[in-house]
Chemist: 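Structure in structure tokens, see below.
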Amino acid sequence: MASRNKQKARKNATRKISKKKTATVAPANDAARIIAAIKRIPRGKVCTYGGVADVAGLPRRARLVGTVLRQTPASRGLPWFRVINASGRISFPLGSDGYARQRKHLENEGIDFVGGRVDLDRYGWPPREKLLDELVWGPG
DNA sequence: CACCCGGCGGCTG
DNA sequence: CCAGCCGCCGGGT
């Protein structure tokens, strides 16, 4: 409850600050940052949608990560399959082709599924502690 | 401008 | 753990 109020407060604050709305800066580069962030996920690790957004410098844009991924044609350099949701699950419907492909890729990299989920404490990237430090202290 | 809908995330019951 | 609900924010109608 408190958290929702906090989010609402943040939203109102954001509105007030950005009321000018000047440019609307077409976020084509947002997609580029998201792709770059995904490319950084190490082999054998996974990152959540929200995590990718954070690494890309776009906090709270988890859904945008999903949108970009959905619209981005699979290319060989992009480890799209290392992006899963915050519950440690693959976000495609169970039984779909996409689900099967993604899971196979991950298992091929040695990632272990228990009850249909990945243990983020073990396979999550970046490590939670590092992420917090960077959020608070900045990189370096 | 008003809705509607997501490869999401947090919290609650 | 699961189901819902809600908040967020881009994109499409």
Side-chain angles (χ1 to χ4, degrees):
Chain A
M1 191 65 78
S3 173
R4 274 210 279 272
N5 291 334
K6 196 181 282 183
Q7 286 187 111
K8 187 173 287 188
R10 179 181 44 64
K11 175 183 177 183
N12 291 333
T14 299
R15 284 224 174 115
K16 205 173 279 189
I17 292 168
S18 59
K19 192 170 56 147
K20 273 183 250 206
K21 83 99 184 119
T22 8
T24 318
V25 195
N29 33 23
D30 286 1
R33 306 175 70 145
I34 287 168
I35 297 300
I38 292 171
K39 286 183 179 175
R40 294 180 52 188
I41 308 170
R43 181 185 170 81
K45 296 285 184 179
V46 296
C47 187
T48 65
Y49 290 86
V52 169
D54 287 341
V55 170
L58 302 167
R60 296 184 297 287
R61 307 291 172 77
R63 298 198 81 140
L64 182 60
V65 174
T67 302
V68 168
L69 230 30
R70 178 168 26 95
Q71 306 175 336
T72 301
S75 69
R76 255 210 311 156
L78 187 69
W80 57 271
F81 50 87
R82 296 186 188 134
V83 185
I84 64 179
N85 66 37
S87 302
R89 299 178 198 269
I90 286 171
S91 284
F92 286 119
L94 187 55
S96 65
D97 286 2
Y99 183 97
R101 272 198 300 277
Q102 187 168 5
R103 177 155 175 165
K104 185 167 236 176
H105 273 295
L106 295 176
E107 288 180 330
N108 284 344
E109 296 193 343
I111 292 176
D112 182 34
F113 279 74
V114 179
R117 26 169 44 202
V118 170
D119 180 354
L120 292 176
D121 288 333
R122 185 174 171 195
Y123 298 107
W125 178 90
R128 185 159 166 56
E129 194 174 316
K130 176 181 179 186
L131 180 58
L132 281 179
D133 279 355
E134 290 196 359
L135 285 175
V136 175
W137 300 106

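Below, read A as the first sequence line, B as the second, and so on, with proteins coming before strands; counting in each chain starts at 1.
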Chemist: Do the rings of Trp80(A) and Phe92(A) sit parallel, tilted or perpendicular, given the 30° and 60° boundaries?
Modeler: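 Geometry flag for Phe92(A) against Trp80(A): perpendicular rings.
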Chemist: Could you state the CG-C1' distance from Leu58(A) to dC8(B), rounded to the nearest angstrom?
Modeler: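 The answer, rounded to whole Å, is 14 Å.
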Chemist: Which residues in residues 69-105 of chain A have a heavy atom closer than 4.0 Å to any atom of DNA chain C?
Modeler: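 When residues 69-105 of chain A is checked for heavy atoms under 4.0 Å from DNA chain C, the hits, listed by number, are Arg89(A).
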Chemist: Under 4.5 Å between any side-chain heavy atoms of Ile90(A) and Phe81(A), yes or no?
Modeler: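 Not in contact.
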Chemist: More 5' along DNA chain C: Arg63(A) or Thr67(A), using each one's nearest nucleotide?
Modeler: Arg63(A)
Chemist: How about Asp119(A) and Val114(A): do any of their side-chain heavy atoms sit closer than 4.5 Å?
Modeler: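 Side-chain contact under 4.5 Å: no.
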Chemist: Among pairs that include at least one residue of residues 74-97 of chain A, which meet salt bridge (Lys or Arg N to Asp or Glu O under 4.0 Å), considering only residues two or more places apart or in two chains?
Modeler: Arg82(A)-Glu109(A)
Chemist: Any chance you could measure Gln102(A), atom CD, to Ile84(A), atom CD1, to the nearest 0.5 Å?
Modeler: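 Between atom CD of Gln102(A) and atom CD1 of Ile84(A) there are 7.5 Å.
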Chemist: For the pair made of CD1 in Ile34(A) and P in dG6(B), what is the distance, rounded to whole Å?
Modeler: 19 Å
Chemist: Between Arg61(A) and dG10(C), does any side-chain N or O lie under 4.0 Å from OP1 or OP2?
Modeler: yes
Chemist: Does dC8(C) pair with anything, Watson-Crick or G-U wobble, both distances under 3.5 Å, and if so, with which nucleotide?
Modeler: none
Chemist: Whom does dG7(B) pair with, Watson-Crick or G-U wobble, provided both distances fall under 3.5 Å?
Modeler: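 Across all strands, not a single nucleotide pairs with dG7(B).
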Chemist: Taking the side chain as everything from C-beta on, heavy atoms only, tell me whether Trp125(A) gets closer than 4.5 Å to Val46(A).
Modeler: no
Chemist: Taking the side chain of Ala62(A) as its heavy atoms from C-beta onward, which of dG10(C), dG9(B), dC8(C) lies nearest to it?
Modeler: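 Of dG10(C), dG9(B), dC8(C), dG9(B) is nearest to the side chain of Ala62(A).
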Chemist: Please report, rounded to the nearest Å, how far the P atom of dC9(C) is from the CG atom of Asp54(A).
Modeler: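 The answer, rounded to whole Å, is 13 Å.
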